[in-house]
Amino acid sequence: LKSLLGATDHILSTTQKNFLEGDNINHHMTVAGVSITRPGKTTYGEFIDIRHGVDALESDMKESVFAVLASLPKVPFTERGLALIENAIMGSLLRFSGTDDVGGLIAAGTAYVIMPALSSISSADKAARRLTGVRFGGVLEGAIHSAELVGSLTNT
């Protein structure tokens with residue numbers, strides 16, 4: 001539902017619009033005097049803001065973890081070292097989390113990181129200086145694209 005600079009509006013029949021949107025093909029049109037792009041999905045049917053957000057989160061998280069690894073003389077394979085990595089991951093998740101007032105990629109309060117217990121990490125991984133078994137997640141925050149209203153008006 002966003003306008004694109006330089007995009008030309010298309011005048012489409014309902015059949016044409018339904019055909020395009022049924023195949024997740026975006027088009028530009030004017031609705032109530034506002035130029036918008038619809039339906040706002042990728043060809044796979046995923047909303048574009050989600051794809052963009054996930055890609056940006058992945059990039060941010062990789063940069064954050066790398067910054068920890070590169071900024072210190074050594075990140076020890078200890079509880080403290082695991083916490084440094086965990087904090088970098090959670091920092092990324094929180095940067096992409098919404099609030100009660102502003103939407104984000106991730107719903108407020110749903111981000112989490114699960115670190116493996118230090119004792120569960122294999123000697124081979126420790127010898128290779130490879131941290132495995134880290135998991136993270138959160139709930140994708142939805143958005144409203146339309147509203148169906150039902151009401152009635154009466155004379156008094």
Side-chain angles (χ1 to χ4, degrees), residues 1-7 9 17-18 20-32 34-150:
L1 301 178
K2 303 300 180 216
S3 184
L4 298 175
L5 185 63
D9 289 350
K17 184 174 77 81
N18 290 341
L20 291 173
E21 292 182 10
D23 284 341
N24 299 313
I25 298 171
N26 292 285
H27 58 93
H28 210 262
M29 63 187 293
T30 298
V31 177
V34 179
S35 292
I36 61 167
T37 304
R38 288 190 44 90
K41 293 183 178 182
T42 67
T43 55
Y44 298 108
E46 182 178 40
F47 283 103
I48 292 171
D49 65 306
I50 298 295
R51 179 75 270 143
H52 178 264
V54 169
D55 289 348
L57 171 63
E58 178 182 4
S59 176
D60 184 83
M61 193 174 291
K62 285 178 179 179
E63 290 173 10
S64 296
V65 171
F66 181 77
V68 170
L69 298 173
S71 68
L72 298 172
K74 181 186 278 191
V75 176
F77 224 130
T78 62
E79 294 293 343
R80 179 68 185 131
L82 295 180
L84 290 169
I85 300 299
E86 180 178 8
N87 290 340
I89 295 166
M90 183 55 83
S92 285
L93 292 169
L94 293 176
R95 280 190 289 281
F96 285 81
S97 292
T99 66
D100 289 339
D101 298 322
V102 179
L105 173 66
I106 301 168
T110 67
Y112 65 87
V113 179
I114 300 172
M115 296 296 288
L118 184 60
S119 61
S120 73
I121 299 170
S122 73
S123 298
D125 279 343
K126 288 178 182 175
R129 299 183 172 196
R130 180 178 48 238
L131 175 58
T132 61
V134 179
R135 296 181 1 198
F136 67 89
V139 176
L140 290 172
E141 188 167 68
I144 299 170
H145 277 205
S146 65
E148 185 175 312
L149 310 175
V150 177

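- Of all non-hydrogen atoms in Gly98 and Ala108, the two that sit nearest each other are O-CB, 3.2 Å.
- Proximity of a side-chain donor or acceptor of His27 to a complementary backbone N or O of Leu20 within less than 3.5 Å is not detected.
- Atom CD1 of Ile85 is separated from atom CG of Leu82 by 8.0 Å, given to the nearest 0.5 angstrom.
- Put simply, the side chain of Leu105 reaches to within 4.5 Å of the side chain of Ile50, judged on heavy atoms.
- Side-chain atoms of Thr37 and Asn26 form no donor-acceptor pair, as typed in the model, at a separation below 3.5 Å.
- Between Phe77 and Lys126, the shortest heavy-atom distance links the atoms CE1-CA, 3.7 Å.
- The minimum heavy-atom distance linking Pro76 with Lys74 is given by the pair CD-O, 3.4 Å.
- Of the inter-residue distances, the one linking Thr42 atom OG1 with His52 atom NE2 reads 13.5 Å to the nearest 0.5 angstrom.
- A heavy-atom distance below 4.5 Å is found between the side chains of Phe136 and Met61.
- Proximity of Met115 to Leu131: side-chain heavy atoms (C-beta onward) are separated by under 4.5 Å at one or more points.
- Side-chain contact between Arg135 and Val113 is absent, with no heavy-atom pair separated by less than 4.5 Å.
- The local environment of CG in Asp55 is crowded, with over 12 non-hydrogen atoms from other residues, nucleotides or ligands closer than 6.0 Å.
- Here the CG-CD distance, from Leu140 to Glu46, works out to 8.5 Å after rounding to the nearest 0.5 Å.
- Of all heavy-atom pairs spanning His28 and Ser3, the tightest one is NE2-CA, 3.8 Å.
- Using a 4.5 Å cut-off on side-chain heavy atoms (C-beta onward), Thr132 and Pro116 make no contact.
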- Task: Please assess Arg38 against Leu1 for the test side chain to side chain contact (heavy atoms under 4.5 Å, CB included), listing each intermediate value before the final yes or no.
- Result: CA-CA 6 Å; Arg38 288 190 44 90; Leu1 301 178; 4.2 Å; yes

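- The CD1 atom of Ile48 lies 9.5 Å from the CG atom of Asn24; values are rounded to the nearest 0.5 Å.
- Across every non-hydrogen atom of Leu93 and Gly137, the tightest pair is CD1-O, 4.1 Å.
- Note that the CZ atom of Arg51 and the OH atom of Tyr44 stand 10.0 Å from one another [nearest 0.5 Å].
- Contact between Glu141 and Gly104 at its shortest, heavy atoms only, is OE1-N, 2.5 Å.
- Atoms CG and CZ, on Leu69 and Arg129 in that order, are 11.5 Å from each other to the nearest 0.5 Å.
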- Message: Arg130 vs Ile121, test: side chain to side chain contact (heavy atoms under 4.5 Å, CB included). Steps then yes/no.
- Response: CA-CA 9 Å; Arg130 180 178 48 238; Ile121 299 170; over 6 Å; no

